[in-house]
Amino acid sequence: MTTLHAQCDSDTMPFVREFVRDPFGVASVVPSGGALARRVTAPVAASGEPVVVELGPGTGAFTRSIQAALGGRGRHVALEVNTQFTGLLAARFPGVDVVGADARNLVEVLGGLGIKRADVVVSGLPWAAFRPARQTEILGAIAGALRPEGAFTTFAYVHARWSGPARRFRRLLDTRFEEVVVGRTVWANLPPALVYHCRRPR
Ligand SMILES: C[S@@+](CC[C@H](N)C(=O)[O-])C[C@H]1O[C@@H](n2cnc3c(N)ncnc32)[C@H](O)[C@@H]1O
């Protein structure tokens, strides 16, 4: 009940509305909670000028955490297909380059912003809702956009972890990254989720 209460804030209504309108695109009824956001955004370096890319930011659950970690340093680029969410994010996070684009166009979007490679890519994308070809295409774009020593993090809901698309995505991670570490389950999130920490893109 505490988790549910903590995750239901002013972002919940816009999120629920978009979920009802586009259940497969949004793929979650409520935004992620703070505990999951901290785990997913952990690779953002505490020093230097990192380039951080966020895919599928929604109402900004991970965006807030990335902005706090950056504290005005580096670049933060967020790609989101939902125009309700891009408007909300641009108004709320002036320090973020919010781009209304599909994650599969990541390399082109970064090029348009004068960015060659990203240090960190953080995903809020609904991988289990994507067809195989889309999973492959977007993961290829992520691996192509990362620096060789860059990090990619994403999450999966525990209840859907063994579904066909989720298992396929998990196998795909191994083909695209030399190192894939599965973090501990974040039980405090609604629904509970686990984080994949990926390094050394192939
Ligand atoms: C499960 S929600 C996660 C939102 C937020 N990151 C969070 O954790 O609360 C998935 C988000 O990905 C966005 N999305 C879905 N497909 C996308 C794509 N191909 N490119 C960019 N964003 C996409 C949806 O519009 C939605 O905002």
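These numbers come from a predicted model, not from an experiment. Atoms within each ligand, like the ligands themselves, are counted from 1 in listed order.
Relative ring orientation between Tyr157 and Phe155 is described as perpendicular, the plane-to-plane angle rising above 60° on a 0-90° scale split at 30° and 60°.
The closest donor-acceptor contact from the side chain of Thr175 to the backbone of Leu172 lies under 3.5 Å.
Contact check on Arg134 versus Glu137 returns no salt bridge, with no Lys/Arg side-chain nitrogen under 4.0 Å from an Asp/Glu carboxylate oxygen. For Arg73 and Glu49, the salt-bridge test fails: no basic side-chain N is under 4.0 Å from an acidic carboxylate O.
Every residue meeting the ring-ring contact (aromatic ring centres under 6.0 Å, His included) condition with Phe169, not counting sequence neighbours, appears here in chain and number order: Trp127.
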Distances for all N or O pairs of ligand 1 and the protein under 3.5 Å?
| residue | atom | partner | partner atom | Å |
| --- | --- | --- | --- | --- |
| ligand 1 | 6 (N) | Gly56 | O | 2.9 |
| ligand 1 | 8 (O) | Ser32 | OG | 2.5 |
| ligand 1 | 9 (O) | Ser32 | N | 2.9 |
| ligand 1 | 19 (N) | Asp102 | OD1 | 3.1 |
| ligand 1 | 19 (N) | Asp102 | OD2 | 3.4 |
| ligand 1 | 20 (N) | Ala103 | N | 3.0 |
| ligand 1 | 25 (O) | Glu80 | OE2 | 2.5 |
| ligand 1 | 27 (O) | Gly58 | N | 3.4 |
| ligand 1 | 27 (O) | Glu80 | OE1 | 2.8 |
| ligand 1 | 27 (O) | Glu80 | OE2 | 3.3 |

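Tested against Phe152 for a side-chain contact (heavy atoms from CB on, under 4.5 Å), the candidates Val122, Leu173, Val53 yield a single pass: Leu173.
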